[in-house]
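Everything on this sheet refers to the single structure shown next.
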Number of protein chains: 2
Amino acid sequence: MDVTEPVTLKSLASELGLNVSTVSRIINAEPGTEAKWASPQTIRRVRELAGARGYARNPHAASLRTSRSDLVGVIVPRLQDYVLATIYEGIDAAAEACGRMTVVANSLDDPTRQRLRTEALLARRVDGLIFGDASLDSPYLDELAARGVPLTLVSRRRSGHVSVTCDDVAGGRLAASHLLSTGRQRFAVIAGAQYASTTVDRAGGFLEMLEEHGVGGSDVDIHYAGFDAPAGQAAIAEILAAHARPEAVFAVNDFAAIGAIGALQALGISVPDDIAVVGYNDTPIAEAVNLTTVRSPMVEMGRLSFEKLLSLLDNRGAESELLAPELIVRSTA
Amino acid sequence: MDVTEPVTLKSLASELGLNVSTVSRIINAEPGTEAKWASPQTIRRVRELAGARGYARNPHAASLRTSRSDLVGVIVPRLQDYVLATIYEGIDAAAEACGRMTVVANSLDDPTRQRLRTEALLARRVDGLIFGDASLDSPYLDELAARGVPLTLVSRRRSGHVSVTCDDVAGGRLAASHLLSTGRQRFAVIAGAQYASTTVDRAGGFLEMLEEHGVGGSDVDIHYAGFDAPAGQAAIAEILAAHARPEAVFAVNDFAAIGAIGALQALGISVPDDIAVVGYNDTPIAEAVNLTTVRSPMVEMGRLSFEKLLSLLDNRGAESELLAPELIVRSTA
DNA sequence: ACGTTTGCCGCATACGTTTGCTTAATTTCT
DNA sequence: AGAAATTAAGCAAACGTATGCGGCAAACGT
């Protein structure tokens with residue numbers, strides 16, 4: 001189409017009668033340091049021409065030279081999951097704010113796929129990685145860290161790595177204490193996958209609080225399902241098949257909670273009169289169906305996990321962080 | 001950490017006593033053509049060493065040389081939207097299958113942001129772009145195309161561009177004809193943004209079918225809202241404030257439909273007995289709440305939009321495609 | 001026997017940046 | 001006034017890959 005030849009440092013330089021290096025330094029100088037490299041009027045001339053010609057640095061050439069891509073890879077279980085999509089949005093916003101770009105991939109919580117996609121990102125020379133799918137089981141992340149790959153975790157923690165998570169134990173406790181305060185005594189938990197710290201911590205905090213109030217044993221029925229609506233539906237079937245019908249259900253995920261509510265209503269069981277339901281995350285859908293839930297700061301987690309990674313990349317070190325959850329009482333519990 | 005020096009074509013070549021070019025050709029040869037470049041045993045030696053040393057092409061260097069990045073940019077309104085996340089998944093799967101990578105960005109349906117993010121992707125030298133946020137208003141896409149940027153559209157169409165969409169007019173007709181068949185006579189439509197072809201086509205098809213059955217005028221009440229649950233809630237408030245209460249509501253989006261259902265139930269209005277509700281897309285949440293909806297082939301749309309782009313990149317041309325929707329009858333209509 | 005094809009491979013250059021080192025002119029210091 | 005320091009640039013070498021072209025054998029054809 002247009003055969004207009006590319007505008008490069010060289011083309012700018014030759015048009016200005018300058019050397020490439022001078023132009024490069026002027027364009028790349030941190031604001032304030034330009035004066036170190038050229039006279040004010042040269043700086044002006046360069047900037048003007050660059051603007052006029054619409055110069056844009058060739059990132060491939062730059063990366064080749066500097067061996068930094070200004071790219072960070074993000075691995076999530078699945079972007080279809082609203083929670084992870086939102087966390088990713090936080091990450092991407094933070095990256096955008098400092099001129100970097102993110103590349104995201106789904107692992108589907110499959111170790112093989114996680115490894116595959118990660119290696120693909122590394123082959124593309126990302127500077128670092130953020131994992132939203134850390135598993136308590138798999139040692140792959142440890143291996144990566146040992147290889148010297150800069151990485152942080154988000155949403156799920158794993159010991160030995162910098163992570164930014166919601167204080168899920170506290171979140172579980174919030175849910176429990178609310179349900180106890182409404183007089184419920186028999187409980188069921190719809191948990192997610194056992195390899196996820198979110199499952200373990202939320203359910204753990206919940207049980208912990210119950211025990212502190214003398215509730216336990218056969219009065220609490222825990223089911224490991226998935227993180228989506230169908231999983232919630234299925235879990236309800238199992239729960240109701242058990243001996244004692246619970247008075248309240250804690251789902252570690254809003255979508256599972258909504259699936260559960262759907263299943264209950266289909267059976268003519270009233271929520272919250274017969275069975276109360278509490279979810280987790282406070283996604284918009286929770287508000288839409290008036291679900292009582294525990295809010296987790298998703299965007300903030302994403303943002304922070306990126307900043308921590310940046311910190312690692314700059315050799316400034318970083319510490320894990322635990323963000324506070326908040327109970328949002330609506331009409332299902 | 002490990003100061004192990006990078007494994008490059010050069011390092012492989014020197015270790016093998018070969019020239020870089022030979023190694024390059026062997027490694028990059030299309031399967032089957034290797035024999036053109038070297039003797040069988042040389043090929044074996046190269047491949048073995050490359051494997052042993054874990055050679056991975058430096059994509060920056062390659063891109064610099066070839067001026068192709070094997071990267072495609074994807075712009076969507078918002079990844080938090082399940083529909084777009086799923087479409088993106090289809091795109092990414094297709095890209096992965098042919099060794100390319102995708103970079104995604106949210107435009108939030110804001111023209112300024114769309115332009116900003118697109119230019120950022122172009123600055124990163126993506127080979128082409130897929131837009132999931134095409135607007136019927138904004139001429140930006142036309143401008144891009146005029147600049148010679150290869151692009152395709154997905155989910156939303158715009159004349160003059162290659163797009164892969166659901167046949168939304170047909171989808172709207174399906175919804176209408178189902179509601180008519182259940183005897184409903186007064187309707188409301190919860191539409192999305194007017195600049196989106198999905199809104200226009202779905203609502204348009206719906207109205208078209210109603211008119212063919214002699215329904216129109218004050219018997220159909222159309223509300224332009226958004227694509228999420230809160231928008232559905234808000235729309236219900238407006239709709240019920242109007243003179244005649246409808247017997248059925250068609251929401252052009254499942255999430256809006258669910259918001260609507262939530263709002264109706266909160267008012268003690270029974271679905272579907274008092275008011276029937278039909279959604280669009282058949283997201284998992286629809287199944288969970290037993291929503292009658294129109295299924296659109298999201299993953300397939302994504303996949304195809306990528307293939308079309310690939311086709312354009314290879315100068316093989318491409319045609320727009322319209323995929324068939326399917327009515328999924330559940331219990332809300 | 002001599003020219004031609006074929007198989008196998010090396011040479012060299014270019015892609016666009018970044019950055020350590022130099023240089024030439026000008027200013028400042030003593 | 002002469003030495004030293006500063007200013008304002010230029011030179012050149014990488015970074016790792018892809019690719020047109022050339023070369024040198026050995027095999028082939030007549």
Side-chain angles (χ1 to χ4, degrees), chain A residues 4-30 32-47 49-50 53-71 99 122-125 127, chain B residues 4-30 32-47 49-50 53-71 99 122-125 127:
Chain A
T4 165
E5 66 182 47
V7 31
T8 71
L9 284 185
K10 197 196 301 187
S11 74
L12 291 182
S14 78
E15 186 165 352
L16 288 166
L18 288 173
N19 187 284
V20 217
S21 61
T22 306
V23 179
S24 170
R25 284 193 243 257
I26 292 176
I27 289 184
N28 290 17
E30 330 223 335
T33 36
E34 315 91 289
K36 273 186 62 173
W37 297 114
S39 69
Q41 62 156 323
T42 304
I43 294 180
R44 208 178 39 76
R45 286 205 310 144
V46 168
R47 294 226 168 117
L49 191 69
R53 294 279 175 280
Y55 170 77
R57 163 199 291 86
N58 182 318
H60 302 305
S63 294
L64 175 57
R65 176 63 228 255
T66 61
S67 53
R68 309 187 352 189
S69 57
D70 285 350
L71 238 50
L122 288 173
R124 290 272 177 180
R125 304 300 205 266
D127 292 334
Chain B
T4 164
E5 67 182 48
V7 29
T8 71
L9 284 185
K10 196 194 303 186
S11 73
L12 291 183
S14 79
E15 188 164 352
L16 289 166
L18 287 174
N19 187 285
V20 212
S21 62
T22 306
V23 180
S24 169
R25 284 192 244 256
I26 292 176
I27 289 184
N28 289 16
E30 329 223 337
T33 35
E34 315 92 287
K36 274 186 59 172
W37 297 115
S39 69
Q41 61 155 324
T42 304
I43 294 179
R44 208 177 40 75
R45 286 206 308 144
V46 168
R47 295 223 168 120
L49 191 69
R53 293 281 176 278
Y55 171 77
R57 160 185 349 344
N58 183 319
H60 302 306
S63 294
L64 176 56
R65 176 65 227 255
T66 61
S67 53
R68 306 187 356 189
S69 58
D70 285 351
L71 238 50
L122 288 173
R124 291 272 177 180
R125 305 299 205 267
D127 292 334

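These numbers were taken from a predicted model, which means no experiment stands behind them. Side chains are part of it too, since the values below use all heavy atoms of this structure and drop only hydrogens, waters and symmetry mates.
We find that CD of Gln41(A) is positioned 16 Å from P of dT7(D), with the value rounded to whole Å. The distance from atom CG of Leu64(A) to atom C1' of dC15(D) is 4 Å, rounded to the nearest whole Å. A straight line from CG of Asn58(A) to P of dA14(C) spans 17 Å, rounded to a whole angstrom. Spacing between atom CD1 of Ile27(B) and atom P of dG16(D) amounts to 14 Å, rounded to whole angstrom units. Rounded to an integer number of Å, the gap from CG of Asp70(B) to P of dT17(D) is 15 Å. If you take CZ of Arg44(B) and P of dC8(C), they are 15 Å apart, rounded to a whole angstrom. Nucleotide dT17(D) holds its C1' atom 9 Å from the CZ atom of Arg57(B), rounded to whole Å. Taking atom CZ of Arg68(B) as the reference point, atom C1' of dT17(D) lies 13 Å away to the nearest angstrom.
Ser39(B) has a side-chain polar atom (N or O) that falls below the 4.0 Å cut-off from OP1 or OP2 of dC9(C).
Across all non-hydrogen atoms, the minimal contact from Arg57(B) to Ala62(B) is CD-CB, 3.5 Å. Annotation for Ala13(B) and Asn19(B): closest pair CB-C, 3.8 Å, computed over non-hydrogen atoms. Of all non-hydrogen atoms in Val7(A) and Gly54(A), the two that sit nearest each other are CG1-O, 4.2 Å. Here the closest heavy-atom approach between residue Arg124(B) and residue His60(A) is recorded as O-NE2, 3.9 Å. Taking both residues in full, the closest heavy atoms of Pro6(B) and Ser11(B) are given as O-OG, 4.1 Å, listed atom of the first, atom of the second, then distance.
Arg44(A) places no side-chain N or O within donor-acceptor distance of the main-chain N or O of Thr42(A), the cut-off being under 3.5 Å.
Minimum atom distance to the side chain of Leu9(A) is reached by dT17(C), of the listed dG16(D), dT17(C), dC8(C).
Partner of Leu9(A) under the side-chain contact (heavy atoms from CB on, under 4.5 Å) criterion, out of Asn28(A), Thr22(A), Val23(A): Val23(A) alone.
Nucleic acid contact for Thr42(A): sugar-phosphate only, since backbone atoms but no base atoms lie under 4.0 Å from a heavy atom of the residue.
Mapped onto DNA chain C by nearest heavy atom, Lys36(B) and Thr66(B) fall at different nucleotides, with Lys36(B) at the one closer to the 5' end.
Contact check of residues 14-26 of chain B against DNA chain C (heavy atom, cut-off under 4.0 Å) returns Gly17(B), Leu18(B), Asn19(B), Ser21(B), Thr22(B), Arg25(B).
Pairing for dG29(D) is with dC2(C), a Watson-Crick or G-U wobble pair whose two hydrogen-bonding atom distances lie under 3.5 Å.
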